[in-house]
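Input: a single structure, listed below in structure tokens.
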Amino acid sequence: QVELVESGGGLVQAGGSLRLSCTASGPTFSSYAMGWFRQAPGKEREFVASINWRGWNRYYADSVKGRFTIFRDNAKNTVYLQMNSLKPEDTAVYYCAARQSTVAVTTTTQYNYWGQGTQVTVSS
């Protein structure tokens, strides 16, 4: 069992930046692919970014490409999401997810463990 704890959400003005962190329990973090997803009120959960076990392969949703960066520190059991040039449409609860595979994917159903989420609110 893997427990994921997100932090770093908050309220920021449009154009600002936030860095989300997700720390995992257990010794197997370095062998898992990780992902970030988000869910806005009244909408389905959507893919934001994912990274493979070593950080060599990264994938991004078109809506965040060029503004968000996913990276990981396996020594700290932590994956990060650096969010720059934030827009009001980025407002959502952001979730961290872990996949029992070294390969990163973009679909919610292929992730095995989820964090509790952290709120990101971008004001205009």
Side-chain angles (χ1 to χ4, degrees):
Q1 187 72 14
V2 174
E3 182 179 356
L4 304 173
V5 179
E6 302 104 331
S7 61
L11 173 64
V12 63
Q13 288 188 330
S17 298
L18 282 174
R19 177 178 291 184
L20 305 183
S21 300
C22 171
T23 301
S25 64
T28 55
F29 174 81
S30 61
S31 63
Y32 286 1
M34 301 295 295
W36 285 98
F37 295 78
R38 67 186 182 186
Q39 188 166 17
K43 295 188 176 181
E44 292 187 353
R45 192 169 299 188
E46 66 175 7
F47 168 74
V48 176
S50 61
I51 188 168
N52 76 334
W53 67 312
R54 290 301 191 192
W56 300 328
N57 294 324
R58 311 179 194 189
Y59 303 96
Y60 297 95
D62 288 342
S63 59
V64 307
K65 206 170 291 184
R67 299 187 298 121
F68 290 11
T69 302
I70 186 171
F71 59 101
R72 65 192 295 164
D73 185 339
N74 286 345
K76 296 183 178 180
N77 276 18
T78 302
V79 62
Y80 304 92
L81 185 68
Q82 177 66 42
M83 305 186 295
N84 299 330
S85 302
L86 282 161
K87 304 175 181 179
E89 51 264 45
D90 294 318
T91 295
V93 177
Y94 283 71
Y95 297 91
C96 170
R99 181 170 189 249
Q100 287 176 303
S101 169
T102 59
V103 178
V105 296
T106 64
T107 52
T108 58
T109 56
Q110 296 189 63
Y111 284 83
N112 306 98
Y113 304 102
W114 293 84
Q116 81 288 349
T118 185
Q119 177 71 46
V120 172
T121 303
V122 184
S123 63
S124 56

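As a basis for the values below, the full set of heavy atoms in this structure was taken, side chains included, without hydrogen atoms, waters or symmetry mates.
- Heavy-atom contacts from other residues, nucleotides or ligands closer than 6.0 Å to NZ of Lys65 number more than 12.
- Phe68 places a side-chain heavy atom less than 4.5 Å from the side chain of Leu86.
- Put simply, the side chain of Val120 reaches to within 4.5 Å of the side chain of Leu18, judged on heavy atoms.
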| said: For a side chain to side chain contact (heavy atoms under 4.5 Å, CB included) check, start with the C-alpha distance between Val79 and Cys96, then their side-chain angles and the critical distance, and finish with the verdict. | reply: CA-CA 8 Å; Val79 62; Cys96 170; 3.9 Å; yes
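- With rounding to the nearest 0.5 Å, the separation of CG in Leu4 from OG in Ser25 is 7.0 Å.
- Evaluation of the ring pair (Phe, Tyr, Trp, His ring centres under 6.0 Å) rule for Phe37 yields Phe47, Tyr111, Trp114 as partners, not counting sequence neighbours.
- Applying the side-chain hydrogen bond (donor to acceptor under 3.5 Å, both in side chains) definition to pairs two or more places apart or across chains, those involving residues 4-16 are Glu6-Gln116.
- In this structure the side chain of Met83 reaches within 4.5 angstrom of the side chain of Leu20, judged on heavy atoms.
- Residues Thr118 and Val93 have side chains not in contact (no heavy-atom distance under 4.5 Å, counting atoms from C-beta outward).
- Within the 4.5 Å cutoff, the side chain of Val103 has no heavy atoms near those of the Trp53 side chain.
- Rounding to the nearest 0.5 Å places CG of Asn57 at 4.5 Å from CG of Asn52.
- At a cut-off of 3.5 Å, with distance as the only test, no side-chain donor of Thr121 or Thr91 sits close to an acceptor on the other residue.
- For the atom pair Ser30 OG and Asp73 CG, the distance stands at 11.0 Å (nearest 0.5 Å).
- Remark: Gln119 CD is packed, more than 12 non-hydrogen atoms of other residues, nucleotides or ligands lying under 6.0 Å away.
- Between Arg38 and Ser63 there is a side-chain heavy-atom pair separated by less than 4.5 Å.
- Taking each heavy atom of Ala40 and Ala92 in turn, the nearest pair found is N-CB, 3.8 Å.
- Asn84 and Ser17 share a donor-acceptor pair across their side chains, judged by distance under 3.5 Å alone.
- Annotation: cation-pi geometry satisfied between Arg72 and Phe29 (NZ/CZ under 6.0 angstrom from ring centroid, within 45° of ring axis).
- The ring-ring contact (aromatic ring centres under 6.0 Å, His included) analysis of residues 77-108, with sequence neighbours excluded, yields the pairs Phe71-Tyr80.
- Remark: the backbone N or O of Gly35 is not paired with any side-chain donor or acceptor of Ser50 at under 3.5 angstrom.
- When each of Val48, Thr106, Ile70 is checked for a side-chain contact (heavy atoms from CB on, under 4.5 Å) with Tyr60, only Ile70 meets the rule.
- Using modelled atom types, one side-chain atom of Arg99 and one backbone atom of Gln110 make a donor-acceptor pair closer than 3.5 Å.
- Hydrophobic clustering (ILVMFWY, side-chain heavy atoms < 4.5 Å, transitive): Val2 and Val105 are in distinct clusters.
- Summarising the geometry, atom CD belonging to Gln1 is positioned 10.0 Å from atom CG belonging to Asn112; distances are rounded to the nearest 0.5 Å.
- In this structure, OH on Tyr32 lies 10.5 Å from OG on Ser101, to the nearest 0.5 angstrom.
- Separation of atoms CD1 (Ile51) and CE (Met34) is listed at 9.5 Å; rounding is to 0.5 Å.
- In this structure, Arg67 contributes its side chain and Ser85 its backbone to a donor-acceptor pair below 3.5 Å.
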